[in-house]
Amino acid sequence: MTTDVQPDRMAMSQRERDVLKVMQGVLDGRRTQAEAGRLLKRCVRQVRRLQRRLEAGGDEVLVHGLRGRPSNHHADPDLHGQVLRAYRQSYRDFGPTLACEKLAAEGLTVGVETLRRWLLAAGLWERKRHRDPHRSRRPRRACFGELVQMDASIHEWLEGRGESMVLIGLIDDATGRVAAKFYPAGTVEAHLDLLGVWLRRYGRPVAVYTDRHSIFEPQDKGKALPDGVTQFGRALAELDVELIRAHSPQAKGRVERLFGTAQDRWVKELRLAKVTTLDRANALLERLVPEHNRRFARPARLAVDQHRPLGPGHRLEAILSVQAERVVSNDYVVRFENHFYQLLQPVYPGERGGRVVLERRLDGALAIRFAGHYLAYRELTDEPGGRPGPPAAAADRRPPVRPRSRPPSTAKHRPAANHPWRTKFPE
């Protein structure tokens with residue numbers, strides 16, 4: 001008994017079967033080469049070349065030569081295993097783009113899309129679908145310095161390894177150039193400090209775009225005060241910079257997207273550097289921020305810098321301070337933050353009973369200004385004659401309260417015999 005062994009067969013695709021059906025008519029003489037070219041959307045020379053191949057090699061010539069074989073450009077299997085092991089060990093929550101950068105630093109070079117396919121196949125990554133509501137795009141401003149967006153990001157930047165921090169960022173709308181710094185909290189002093197970094201580096205922008213936090217919009221029990229001015233708004237007004245307050249996070253999308261990138265990439269950079277303190281985090285930012293600007297900043301549509309230089313009248317240490325007004329008493333004493341300050345000579349007309357401006361500066365120093373003049377002062381204490389007030393702020397404390405003087409204790413007082421209390425009323 002004999003067994004017929006059929007040769008190995010390779011399945012043809014539907015497209016290849018359609019080509020074979022058209023070309024079979026040419027081989028049988030029932031269809032011209034020009035008609036086959038029209039049906040296959042090929043020229044007559046290609047049809048003639050295909051006919052010669054079919055006559056010499058049969059139907060299998062229509063199947064691609066690499067069908068069922070690995071690609072000539074496939075990655076080394078050893079590299080595939082090394083990459084997945086390194087990803088599981090050190091970069092498990094990294095996205096494919098950032099993971100490629102870190103793997104390349106270890107000598108494991110692989111393409112982003114290749115790594116994405118490997119991670120999807122291994123179940124280490126999932127596709128993230130973004131289905132945001134439809135919004136109209138606001139075009140970028142044309143010039144550098146025309147609009148700067150500012151915001152703060154509260155996030156677990158150190159992932160519980162150290163102190164809590166807030167990242168405050170500034171980003172230019174036209175170029176995407178960034179300035180950022182970590183602070184213990186998102187206070188008005190922190191925002192003024194970062195604004196000073198931008199002003200000293202680039203100059204005064206035309207406008208600053210922020211949200212409606214109480215740092216930027218005066219509020220009373222959660223309600224906006226249209227006629228009020230915050231410390232930040234007062235500083236921008238003195239610098240002749242317009243303050244624009246957004247009505248939604250999407251309106252200032254560039255700074256929001258910056259924080260999305262930072263919360264993904266910079267958190268992992270802080271982890272790799274084993275950062276546990278605020279100072280070390282800011283030291284790392286000195287490398288990360290220039291690298292971010294070098295990679296992601298873009299040229300402005302118009303090569304014009306709209307920043308204006310700081311003039312002689314712009315004293316940043318005074319403008320970027322927390323200011324308050326107080327009335328000078330008749331003995332030239334001012335009370336501020338439960339401390340008493342004696343104003344010294346020289347005395348200017350209208351100073352007594354007038355209003356002075358007290359500047360609590362970012363370095364902690366206190367300055368007192370009246371009618372454009374900075375006044376000398378000393379802090380009053382319980383010590384005889386007092387002591388001079390330091391340029392820096394003293395520790396916050398209440399002035400000691402002197403106990404009320406009382407007469408020495410005596411025997412129990414008894415009224416005299418003729419005291420009215422002892423007088424009996426006639427019955």
Side-chain angles (χ1 to χ4, degrees), residues 1-92 94-132 134 137 264 294-296 298-299 301:
M1 180 177 180
T2 60
T3 303
D4 296 335
V5 178
Q6 296 183 351
D8 294 337
R9 295 186 177 183
M10 184 174 295
M12 301 177 67
S13 66
Q14 184 62 48
R15 173 62 180 168
E16 292 166 346
R17 288 196 295 269
D18 293 342
V19 173
L20 179 60
K21 182 176 181 180
V22 174
M23 291 302 301
Q24 191 63 46
V26 177
L27 295 175
D28 297 341
R30 294 181 288 102
R31 181 177 288 122
T32 64
Q33 294 177 345
E35 185 180 357
R38 181 178 59 80
L39 295 174
L40 298 177
K41 297 181 180 180
R42 299 183 182 182
C43 65
V44 176
R45 290 185 59 186
Q46 291 175 316
V47 173
R48 190 179 300 121
R49 188 182 303 116
L50 184 58
Q51 179 182 355
R52 289 197 296 265
R53 290 175 57 194
L54 286 170
E55 292 172 346
D59 299 349
E60 62 269 16
V61 300
L62 296 178
V63 180
H64 196 280
L66 292 179
R67 178 79 58 82
R69 296 169 54 187
S71 170
N72 294 330
H73 303 285
H74 73 284
D76 186 0
D78 294 336
L79 176 63
H80 180 273
Q82 294 175 10
V83 166
L84 292 184
R85 282 194 298 271
Y87 184 86
R88 288 190 179 98
Q89 181 178 359
S90 303
Y91 313 113
R92 177 168 287 273
F94 284 37
T97 303
L98 181 59
C100 277
E101 299 175 11
K102 299 305 176 183
L103 291 170
E106 298 183 13
L108 302 175
T109 304
V110 63
V112 175
E113 293 304 320
T114 301
L115 179 60
R116 192 189 308 276
R117 290 196 302 272
W118 289 357
L119 296 180
L120 289 172
L124 299 175
W125 184 253
E126 295 182 358
R127 288 187 175 92
K128 298 180 180 179
R129 301 183 182 273
H130 300 280
R131 296 183 178 178
D132 296 333
H134 177 269
R137 173 174 293 186
D264 177 36
R294 184 170 56 254
R295 294 189 57 189
F296 300 113
R298 53 180 292 177
R301 194 162 67 247

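Note that the structure is a prediction, hence the values are computed from the model and not measured. One-based numbering along the sequence shown.
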Exercise. Roughly how far apart are Glu35 CD and Arg30 CZ, rounded to 0.5 Å?
Worked result: 10.5 Å
Exercise. If every non-hydrogen atom of Glu16 is compared with every non-hydrogen atom of Val63, which pair is closest and at what distance?
Worked result: OE2-CA, 3.7 Å
Exercise. Atom CG in Leu62, atom CZ in Arg53: separation rounded to 0.5 Å?
Worked result: 7.0 Å
Exercise. Checking salt bridge (charged side-chain N to carboxylate O under 4.0 Å, His left out) for the pair Glu113/Arg116: CA distance, chi angles, key distance, verdict?
Worked result: CA-CA 5 Å; Glu113 293 304 320; Arg116 192 189 308 276; 3.3 Å; yes
Exercise. Under the salt bridge (Lys or Arg N to Asp or Glu O under 4.0 Å) rule, what pairs show up with a residue in residues 77-87, not counting sequence neighbours?
Worked result: none
Exercise. Given the rule in the side-chain contact (heavy atoms from CB on, under 4.5 Å) test, do Val19 and Leu50 qualify, once you have shown the distances and angles that lead to the verdict?
Worked result: CA-CA 10 Å; Val19 173; Leu50 184 58; 3.8 Å; yes
Exercise. Side-chain donor-acceptor pair under 3.5 Å between Arg49 and Gln46, yes or no?
Worked result: no
For this session: Check step by step if side-chain contact (heavy atoms from CB on, under 4.5 Å) holds for Leu84 and Leu119.
Result: CA-CA 8 Å; Leu84 292 184; Leu119 296 180; 4.0 Å; yes
Problem set entry | Worked check of side-chain contact (heavy atoms from CB on, under 4.5 Å) between His80 and Val110 | CA-CA 9 Å; His80 180 273; Val110 63; over 6 Å; no
Exercise. What's the shortest heavy-atom distance between Leu40 and Met23, and which atoms?
Worked result: CD1-SD, 4.1 Å
Seminar exercise, completed: In short, Gly95 meets Trp125 closest at the heavy-atom pair CA-CH2, 3.7 Å
Seminar exercise, completed: Hits for ring pair (Phe, Tyr, Trp, His ring centres under 6.0 Å) against Phe94, two or more places apart or cross-chain, chain-then-number order -> Tyr91
Problem set entry | Glu126 atom CD: more than 12 heavy-atom contacts under 6.0 Å | no
Problem set entry | Shortest non-hydrogen contact between Val26 and Thr32, atoms and distance | CG2-O, 4.0 Å
Problem set entry | Side chains of Val83 and Thr114 in contact at under 4.5 Å (non-hydrogen atoms) | no
Problem set entry | Arg17/Gln14 under side chain to side chain donor-acceptor pair (under 3.5 Å): CA gap, chis, key distance, verdict | CA-CA 5 Å; Arg17 288 196 295 269; Gln14 184 62 48; 2.7 Å; yes
Problem set entry | Exercise: identify the closest heavy-atom pair between Lys21 and Arg31 | O-NH1, 4.0 Å
Exercise. Which heavy-atom pair separates Val44 from Ala34 by the least distance, and what is that distance?
Worked result: CG2-CA, 4.1 Å
Problem set entry | Spacing of CG belonging to Leu103 relative to OG1 belonging to Thr109, to within rounding of 0.5 Å | 9.0 Å
